[in-house]
Amino acid sequence: MPELPEVETVVRDLQPCLTGRRLASVRQTSRHSLRTRWRPAWNAAVAGQRVASVARRGKWILVALENGSVLVVHLGMTGQLTLVPAATALADHTHLIFTLDDGAEQLRFRDIRRFGSVTLFPNRQTLEDHFTAARLGPEPFDLDAAYWRQALAGTKRSLKAVLLDQQVVAGVGNIYADEALFEARLHPALRGCDLDARAATHLRRAIATVLRRAIQRRGSSIRNYVGGSGLQGAYQNEFRVYGRAGEPCPRCGAVIECRRLAGRSSHFCPRCQKAISSQRSAVSKSNADR
DNA sequence: ATAGGCGCCTGCTGGC
DNA sequence: TGCCAGCAGGCGCCTA
């Protein structure tokens, strides 16, 4: 479920509350074989450690411990990482419970669909190696202009596919890809190589704009998402195109469409997210298969 | 290089 | 009311 703004919200919620606290113990509360790569042996490695920092890289939450190891959490589609009073009733699908120093609070990992994961990296280097091996792309807020132009110019994939590719830019998912393309007035079926430098810049800025707005609203809560404090987000109320198929475009009034693209549902305005000359082929083609 | 499909899971919605 | 297909914000793997 969660994309960059949701993960960022979790991190901002947890960072002030968790930093400096000691993880007294870890308990596995689900008998499911977790896709979560948590291993029982890690309990001993984590227990008694203080939290040095809480940060984010792409859609990954990084909880660094004072001994140098890093707890890495991915929320998948339905993951939740929340800090709650220990007396809080245990929600179903809770998989891991970290009890904090005084025992009064717990950090809980809950994941209904179990697409998420929790992994312990023994040190910074192994974590960096992991991201390098996965070729995780740069953060969207400091995209180098030349890098971005080249990333687009060098591919024939659709813009939608490029935005979803974590190796190109880390943190954008289906919702914010659609919202960013609307913001930039670019059709999701355009190919990367169809964009001139100006359009590429528009898109780069649109991504940052949309993500910043969403972070200000604590992300989007569509089904299960909540922040680190358990609060929901509010950006779902401000979607321009995502989930609005059949409704009028907020910019031009045309009917918003939803089509399958890059294997995902893609929402866009067929009028104001148009092709620029050289993209005509891509768009007329996608219009033709209606 | 790229598209498309599947699988991993559970839960909700809409159509009949 | 009940059943069932289809769908959901992620990602890795496979094939063509």
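Numbers restart at 1 for each chain; the letters A, B, ... are given by sequence-line order, proteins then strands.
- Between Glu238(A) and Arg213(A), no side-chain nitrogen of the basic residue sits less than 4.0 Å from a carboxylate oxygen of the acidic one, so the salt-bridge criterion is not met.
- Atom CZ of Arg57(A) and atom C1' of dC11(C) are 16 Å apart (whole Å).
- The existence of a salt bridge linking Asp194(A) and Lys156(A) is excluded, since no basic side-chain nitrogen approaches an acidic carboxylate oxygen closer than 4.0 Å.
- Spacing between atom CD1 of Ile222(A) and atom P of dT10(B) amounts to 22 Å, rounded to whole angstrom units.
- Between Glu105(A) and Arg21(A), at least one side-chain N (NZ, or NE/NH1/NH2) sits under 4.0 Å from a carboxylate O, which counts as a salt bridge.
- Both distances falling under 3.5 Å, in either a Watson-Crick or a G-U wobble arrangement, place dG10(C) opposite dC8(B).
- Only the P atoms considered, dG5(B) is 14 Å distant from dG6(C), to the nearest whole Å.
- Atom name P, nucleotides dC7(C) and dG4(B): the rounded distance is 16 Å, in whole Å.
- In this structure, Asp111(A) atom CG and dC11(C) atom P are separated by 13 Å, rounded to whole Å.
- The pair Lys160(A)-Asp178(A) meets the salt-bridge criterion, since a charged nitrogen lies less than 4.0 angstrom from a carboxylate oxygen.
- For the pair Thr155(A) and dT2(B), the criterion of a side-chain N or O lying under 4.0 Å from OP1 or OP2 is met.
- Going from atom NZ of Lys156(A) over to atom C1' of dA3(B) covers 14 Å, rounded to whole Å.
- The pair Asp111(A)-Arg114(A) fails the salt-bridge criterion, with no side-chain N (NZ, NE, NH1 or NH2) lying under 4.0 Å from an Asp/Glu carboxylate O.
- Separating the CG atom of Leu4(A) from the P atom of dC11(C) is a distance of 11 Å, rounded to the nearest angstrom.
- Using a 4.0 Å cut-off, some side-chain N or O of His93(A) falls inside it from OP1 or OP2 of dG11(B).
- The side chain of Lys59(A) contributes no N or O atom lying less than 4.0 Å from OP1 or OP2 of dG9(C).
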Every protein N/O within reach of nucleotides 5-8 of chain C N/O, cut-off under 3.5 Å:
{"unit_1": "dA8(C)", "atom_1": "OP1", "unit_2": "Ser265(A)", "atom_2": "OG", "d": "3.2"}
{"unit_1": "dA8(C)", "atom_1": "OP2", "unit_2": "Arg260(A)", "atom_2": "NH1", "d": "3.2"}
{"unit_1": "dA8(C)", "atom_1": "N3", "unit_2": "Arg113(A)", "atom_2": "NH1", "d": "3.1"}

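- Nucleotides dA5(C) and dC6(B) have their P atoms positioned 16 Å apart, rounded to a whole Å.
- Rounded to an integer number of Å, the gap from Asp92(A) CG to dG11(B) P is 7 Å.
- Within the 4.0 Å cut-off from OP1 or OP2 of dC11(C), at least one side-chain nitrogen or oxygen of His74(A) is found.
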Val51(A) and Glu66(A): side chain to side chain contact (heavy atoms under 4.5 Å, CB included), yes or no, with the steps?
CA-CA 6 Å; Val51(A) 173; Glu66(A) 63 182 354; over 6 Å; no
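- Salt-bridge check for Glu6(A) with Lys59(A): failed, with every basic side-chain N at 4.0 Å or more from each acidic carboxylate O.
- Atom CZ in Arg157(A) sits roughly 12 Å away from atom P in dG4(B) (whole-Å rounding).
- In this entry the distance linking CG of Leu136(A) with P of dG12(C) reads 9 Å, nearest Å.
- Taking the ring centre of Tyr235(A) as origin, the terminal cationic atom of Arg218(A) falls outside the region bounded by 6.0 Å and 45° from the ring axis.
- At the heavy-atom level, Gly263(A) lies nowhere under 4.0 Å from the strands shown.
- Picking from dT2(B), dC9(B), dG9(C) the nucleotide with the shortest atom distance to the side chain of Arg114(A) gives dC9(B).
- Remark: ring of Phe115(A) not stacked against base of dC11(C); the cut-offs of centroid gap under 5.5 Å and plane tilt under 30° are not jointly satisfied.
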